[in-house]
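The next block holds one structure in the form of structure tokens; read it before the comments.
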Amino acid sequence: MNITFSKISIPTQGVVVVGVSEGSGSGAKLGAAAAKLDKQTRGVLSRAMKAADFSGKREKTLALVVPEGTKLSRIVLVGLGSLKSLDAVAAERIGAVIYDTVSKDPAATVILESEGAVDNALLAAHLAGGIGLKSYRFAKYHTKDDKDARPKLKSVAVQCENPTEAKKRYVAVEAVVDGVFLTRDLVTEPPNVIYPVSFVTRAKELTKDGVKVEALGVAAMTKLGMGALLGVGQGSARESQLLVMRWDGAKDKSAAPLAIVGKGVTFDTGGISLKPPAGMWDMKWDMGGAGVVVGLMRALARRKAPVNVVGLCGLVENMPDGNAQRPGDVVTSMSGQTIEVLNTDAEGRLVLADVLWYAQQRFKPKAIVDLATLTGAIIAALSEHYAGIFSNNDDLSAKLIAAGQAVSERLWRFPMGDEYDRDIKSPIADMKNIGGPRAGSITAAQFLQRFIKDVPWAHLDIAGVVWNEKGTALAAGGSTGYGVRLLNRFIADNYEK
Ligand code: BES
Ligand code: MN
Ligand code: ZN
């Protein structure tokens, strides 16, 4: 999408989208440019708004085709809602709505008047970001093009009060959009294309953005004693990988980094504890956590974030095979703790156990956040509306929840404690990899916590939010990219100086 910012000046042709705010009590309020258009069309705008009962309510639209008095093909009015509550997330969502109304046009002009009541430049930048986010499509495997279904929008001119400032702000917004797109690409790719080694290959493209990328294979992980991660991958023909990405953007390059860890099960059949066939294809996105980590690294690098962050992904394929691990196997993790693997489908926690330990040993991070499509139980609890957060630290947890609120990627905190931890005691090893039939998301988090030393840690169970068939406010359908904007905001608000 080609986005440009310019001063407000009503175009003479094509499609123009005009933001209309909701006045207090008396319905829609036209800005100066909108009022001028109304005059030019001899009052068509105000008559149409009245006839359609359009009050400028946020995200409502009203399209006027070939309005008289102009050579425009369409004027689309879009409700901004009240200017007081118009913030960056609201602007993003309005941008997404605008995208849907003009996606079949090759180009459009958007006029955003907010009369100085709010930070117009910031809103313009985020409105543009929303247009970008909603435009994402994954069409590379279509060999026949459905011309009618295909979006055509290539460029959008955003007119606003301070285009120079909006353009500046957009640099960081666009970096995040790029990151979200990368995450969506990785998550959407089929599992015969994205497997541990090919995932690493994709991640290596980040070196162009200035990220240091390295990967450990089975030999290196064996040396480190990562028996938990390696056990999961041992039934696969694809070699397991541990991906390490570093963005050292802080002034002090040696300052302790923040560590972000992702579950990267590139396909989860369940292993010998095989999943039922219906919907098993879903498990191509069991690498969603890892996908977020890579997209986040791109966003941080492209906006040159002044912070040190290390991103780590445990990449494995969980397959049943003559060499696969069996229910009942006991494995030894890098931490030295032993695990009785009672269900080979509870594999994500086994992978994370070793990656979390490695992250702490090698990087001594100030805090660790992991993201994982860890449990079906989190979907039962929260559906697609929130991801679950589990943490050993109230402050870290509050900061993540606040960042999620600010970008509308919401988190809901679950309790943890010894009463849950008891459920993963094993008679023959230090722990087992499944709890009882209840509180499955919490016992999974308790398992992870056994691999956390004395460091603030939060685990985000994103199983319900990585993929959304129907689409969301900012995604057309399929992979959402949930988590990139959240963590970007969390880092920007709390770790950058
Ligand atoms: N990847 C799944 C969790 C999952 C399920 C993600 C559905 C997205 C949609 C995970 O590896 C898994 O299989 N978890 C099991 C754990 C159980 C065996 C203790 C589950 O949730 O059923
Ligand atoms: Mn599983
Ligand atoms: Zn899984």
Side-chain angles (χ1 to χ4, degrees), residues 187-188 191 194-196 199 228-229 231-236 240 261-292 313-320 324-329 339-355 370-388 390 414 420-421 423-426 431-448 459-469 478-480 482-483:
V187 170
T188 312
I194 285 292
Y195 47 88
F199 188 104
L229 183 152
V232 176
Q234 78 185 31
S236 169
S240 301
V261 171
K263 167 179 172 182
V265 177
T266 61
F267 196 75
D268 180 12
T269 63
I272 296 299
S273 312
L274 195 62
K275 286 183 182 294
M280 198 203 271
W281 69 270
D282 270 359
M283 287 300 108
K284 76 170 183 177
W285 47 260
D286 208 20
M287 37 56 69
V292 170
C313 301
L315 298 162
V316 301
E317 186 182 52
N318 189 19
M319 298 292 267
Q325 69 180 344
R326 295 145 291 261
D329 281 6
I339 305 159
E340 185 186 14
V341 179
L342 286 181
N343 188 323
T344 64
D345 197 13
E347 85 297 339
R349 62 198 76 181
L350 296 169
V351 172
L352 289 173
D354 280 336
V355 183
D370 77 70
L371 300 103
T373 48
L374 204 63
T375 65
I378 203 73
I379 310 177
L382 299 173
S383 184
E384 68 201 45
H385 309 297
Y386 284 77
F390 305 79
F414 282 70
Y420 295 105
D421 191 73
D423 283 0
I424 55 171
K425 280 195 173 143
S426 158
M431 70 196 89
K432 54 184 183 178
N433 78 328
I434 51 170
R438 303 180 191 169
S441 304
I442 304 178
T443 50
Q446 293 295 155
F447 183 97
L448 298 181
H459 153 60
L460 313 187
D461 193 335
I462 57 172
V465 294
V466 161
W467 192 269
N468 193 312
E469 210 60 48
S479 76
T480 61
Y482 175 107

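We're numbering straight along the sequence, starting at 1. Whatever order the structure lists them in is the order used to number ligands and atoms, beginning at 1.
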Of T344, I434, L342, the residue whose pairing with S273 passes side chain to side chain contact (heavy atoms under 4.5 Å, CB included): T344
Looking at CG of N433 and CG of L350, how far apart are the two atoms once the value is rounded to the nearest 0.5 Å? 5.0 Å
Protein residue, atom and distance nearest to atom 14 (N) of ligand 1, heavy-atom basis: L374 O, 3.5 Å
Under 3.5 Å, is there a donor-acceptor pair linking the side chains of T480 and N468? no
Is the Zn ion (ligand 3) less than 2.8 Å from an N/O/S atom of K263, whether that atom is in the backbone or a side chain? yes
Let me confirm one number: the CZ-CD1 distance from R349 to I339, rounded to the nearest 0.5 Å. 10.5 Å
I'd like to check which ligand 1 atoms, numbered from 1 as shown, lie under 4.0 Å from a non-hydrogen atom of T373. 1 (N), 2 (C), 3 (C), 6 (C)
Distance (rounded to the nearest 0.5 Å) between K263 NZ and D268 CG: 5.5 Å
Could you pull out the atom name of the N/O/S atom in E347 that is nearest the Zn ion (ligand 3)? OE2
Between K275 and ligand 1, does any nitrogen or oxygen pair lie at a separation below 3.5 Å? yes
Which ligand 1 atoms are under 4.0 Å away from a heavy-atom of D268? 1 (N), 2 (C), 10 (C), 11 (O), 13 (O)
Considering only protein heavy atoms, which is closest to atom 16 (C) of ligand 1, and at what distance to one decimal place? R349 NH2, 3.8 Å
Atom indices of ligand 1 within 4.0 angstrom of E347 heavy atoms, with elements: 11 (O)
Which single N/O/S atom of D268 lies at minimum distance from the Zn ion (ligand 3)? OD2
For W285, counting its heavy atoms only, list the atoms of ligand 1 lying under 4.0 Å from any of them. 8 (C), 9 (C)
Which heavy atom of the protein is the closest neighbour of atom 17 (C) of ligand 1, given with residue, atom name and distance? A346 CB, 4.4 Å
Taking atom 21 (O) of ligand 1 as the reference point, the nearest protein heavy atom with its distance: G376 N, 2.7 Å
Would M283 count as being in polar contact with ligand 1, using the rule that some N or O on each side must be under 3.5 angstrom apart? no
In Å and rounded to the nearest 0.5 Å, what is the CG to CD1 distance from D421 to I442? 12.0 Å
If the cut-off is 2.8 Å, does any N/O/S atom of E347 fall short of it from the Mn ion (ligand 2)? yes
Are any of the N/O atoms in D345 less than 3.5 Å from those in ligand 1? yes
Check all N, O or S atoms of D286 and name the one closest to the Zn ion (ligand 3). OD2
So F414 and F390, would you call those rings parallel, tilted or perpendicular, with 30° and 60° as cut-offs? parallel
Give a yes/no on ligand 1: does V265 have at least one heavy atom closer than 4.0 angstrom to it? no
Heavy atoms only, cut-off 4.0 Å: how does K263 contact ligand 1, side chain, backbone, both, or neither? side chain
Among N433, I462, N343, which one puts a heavy atom closest to atom 18 (C) of ligand 1? N343
